[in-house]
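Structure first, commentary second.
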Amino acid sequence: MRVDVAIVGAGTSGAAAALALARRGLRVACLERRPLSQAGARWVNGVPRWMFEAAGVDPPEGDELRGEGHAFHLVAGFDGERIVIRDHETLDVDMRHLVSRLQRLAREAGAELVGDAHVQGLSGRRLSTTRGEFEADVFVDAAGMAGPNLGGAPRIHKHDLCVAAQEVRAVTDRAMAEAWFRERGAEPGDTLCFTGVAGGYSIVNARLDHEGISLLTGSIPGLGYPSGRVLLERFVAEHSFVGKALFGGARAIPLGRARPRLAMGRVALLGDSALQVFSAHGSGIGSGMVAARVLADRVAAGGSDLHAYSVAWHREHGGVLAAYDVFRRFSQTLSVSDIERLMRAGLMDVSSALAALSQKMPAPPAVTRWPRLVTGLVKERGLAARLLRVAPRLGLALSLYARYPEREKDVQAWQRRVARLLDV
């Protein structure tokens with residue numbers, strides 16, 4: 001088959017790219033190693049509403065939308081200090097339905113979607129697969145870490161792999177489940193996010209919805225902690241009101257700054273393959289969809305000159321992800337006691353937690369918050385000193401990525417400077 005763009009991976013980012021490119025009049029083939037109905041994440045994920053708009057995708061509704069507007073309780077450990085976020089626009093999205101919708105819309109726009117297509121090799125303009133050969137001007141690797149790695153990107157270190165699990169499970173005794181939430185200061189339908197339970201970068205999320213209880217867990221086993229799967233199974237074993245699994249899954253999520261080069265020759269990287277993941281909590285769904293739109297705009301405008309995609313995406317979005325990756329590496333060093341102390345001192349509060357949940361940079365603190373912040377900095381000198389070593393790098397990340405090189409030959413020098421200034 002001869003097309004303008006061949007995409008490997010028909011999950012969220014790949015299907016979103018197929019849709020965006022086909023809508024711009026390009027001939028597109030989107031290939032998936034699994035059956036198309038099994039592509040992408042198969043669980044519930046939180047995605048900020050603004051990211052659907054930025055991606056040019058209608059927000060979810062009906063069965064695709066499993067929750068919105070509920071209170072989000074960020075708890076230190078299982079019973080410590082907490083921050084409660086009530087005004088947020090993060091949507092609980094059933095990824096099975098989102099991927100299916102994106103695939104359907106891509107087909108309707110004219111894209112060709114092919115399942116059970118295993119990549120055998122890429123040579124020049126020709127991609128060999130078990131479903132035939134595809135000749136294209138541009139190739140997109142949206143297959144994640146389990147894919148063929150068309151761009152030859154280096155492997156992710158085990159210290160930068162979050163192993164997450166998410167399941168929706170039946171509830172055997174709803175009254176008992178509701179009582180359990182109320183005993184912990186939350187209403188049924190709220191999210192309880194227990195953080196720091198297996199190292200600073202770890203969570204156990206629980207939320208009752210119309211179908212059952214939604215559980216999300218994650219940690220970094222490479223640092224010596226139990227995986228998200230183990231954390232989920234422990235929770236199930238310890239709570240008798242949790243029944244059988246209805247759907248869900250588990251996988252490793254790469255953390256870190258986005259790849260400095262999002263394009264290598266005719267190959268563009270997208271989604272997890274590009275490390276377009278919000279490191280603070282490991283979500284890449286929204287970033288992948290937004291990147292798909294940026295890529296489609298640049299391919300439609302400039303054909304096979306893919307460096308323009310790197311420039312556009314990094315300058316607009318790369319700095320935010322890099323800044324939060326700095327914070328992620330700091331958060332890995334925190335104990336539950338550290339998290340509690342940060343909350344009590346006002347150094348971690350509703351506004352900063354809301355910004356992270358929304359995948360945006362926090363606004364400067366209001367003048368009315370300054371007295372509490374100063375008091376907190378003085379009271380928690382040791383923690384404050386650690387935080388203040390990190391804080392300047394957040395703004396520095398934004399500045400560095402806003403000046404991402406216009407010329408591809410300058411990227412390597414820029415990358416060295418980024419590493420020198422941002423790595424703690």
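Note that this is a predicted model, so its numbers are computed, not measured.
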By side chain to side chain contact (heavy atoms under 4.5 Å, CB included), which residues pair with Glu53, not counting sequence neighbours?
none
Are Arg403 and Ser399 linked by a side-chain donor-acceptor pair shorter than 3.5 Å?
yes
Sequence neighbours excluded, every pair satisfying ring pair (Phe, Tyr, Trp, His ring centres under 6.0 Å) that has a member inside residues 326-360:
Phe327-Phe330
For a 4.5 angstrom cut-off between non-hydrogen side-chain atoms, does Ile213 reach Val168?
no
Hey, are the side chains of Met95 and Val44 touching, using non-hydrogen atoms and a 4.5 Å cut-off?
no
Report, one line per pair, each donor and acceptor closer than 3.5 Å where one atom sits in a side chain of residues 71-78; sequence neighbours left out.
residue : atom : partner : partner atom : Å
His73   : ND1  : Arg82   : NH1          : 3.0
His73   : NE2  : Asp190  : OD2          : 3.1

Partners of Leu383 by side chain to side chain contact (heavy atoms under 4.5 Å, CB included), sequence neighbours excluded?
Leu334, Asp338, Arg341, Leu342, Glu380, Arg386
Trp43/Phe247 aromatic ring centres below 6.0 Å
no
side-chain hydrogen bond (donor to acceptor under 3.5 Å, both in side chains) contacts in which one or both residues fall within residues 314-323, not counting sequence neighbours:
Arg315-Glu406
Show the nearest heavy-atom pair for residues Leu231 and Gly218, with the distance to one decimal.
CD1-O, 4.0 Å
Within residues 199-236 or reaching into it, pairs that qualify as ring pair (Phe, Tyr, Trp, His ring centres under 6.0 Å) - sequence neighbours excluded
Trp180-Phe235, Phe235-His239
Can you pull out every side-chain hydrogen bond (donor to acceptor under 3.5 Å, both in side chains) where at least one residue sits in residues 29-39? Sequence neighbours excluded, please.
Glu32-Arg34
Measuring only between side-chain heavy atoms, which start at C-beta, is Val28 closer than 4.5 Å to Glu112?
no
Inspect the surroundings of CD in Gln412 and state if more than 12 heavy atoms from other residues, nucleotides or ligands are less than 6.0 Å away.
no
Pairwise salt bridge (Lys or Arg N to Asp or Glu O under 4.0 Å) hits with a residue in residues 345-357, at least two apart:
Asp349-Arg369
Are the side chains of Phe52 and Met289 in contact, using a 4.5 Å heavy-atom criterion?
yes
Give me each pair satisfying salt bridge (Lys or Arg N to Asp or Glu O under 4.0 Å) with a member in residues 21-30, each pair once, sequence neighbours excluded.
Asp4-Arg27, Arg24-Asp297
If every non-hydrogen atom of Arg328 is compared with every non-hydrogen atom of Ser331, which pair is closest and at what distance?
O-OG, 2.7 Å
Ser214-Gln166 side chain donor-acceptor pair, cut-off 3.5 Å:
yes
So the ring pair (Phe, Tyr, Trp, His ring centres under 6.0 Å) pairs with at least one residue in residues 251-297 (sequence neighbours excluded) are Phe278-His281, Phe278-Tyr324
Sorted by chain and residue number, the side chain to side chain contact (heavy atoms under 4.5 Å, CB included) partners of Arg420 (sequence neighbours excluded) come out as Arg417
Is the Trp313-Tyr401 ring centre distance short of 6.0 angstrom?
no
Residue pairs, two or more places apart or on separate chains, that pass salt bridge (Lys or Arg N to Asp or Glu O under 4.0 Å) and touch residues 210-235
Arg66-Glu211, Glu167-Arg229
Within a strict 4.5 Å, meaning less than it, do heavy atoms of the Leu31 and Phe134 side chains meet?
yes
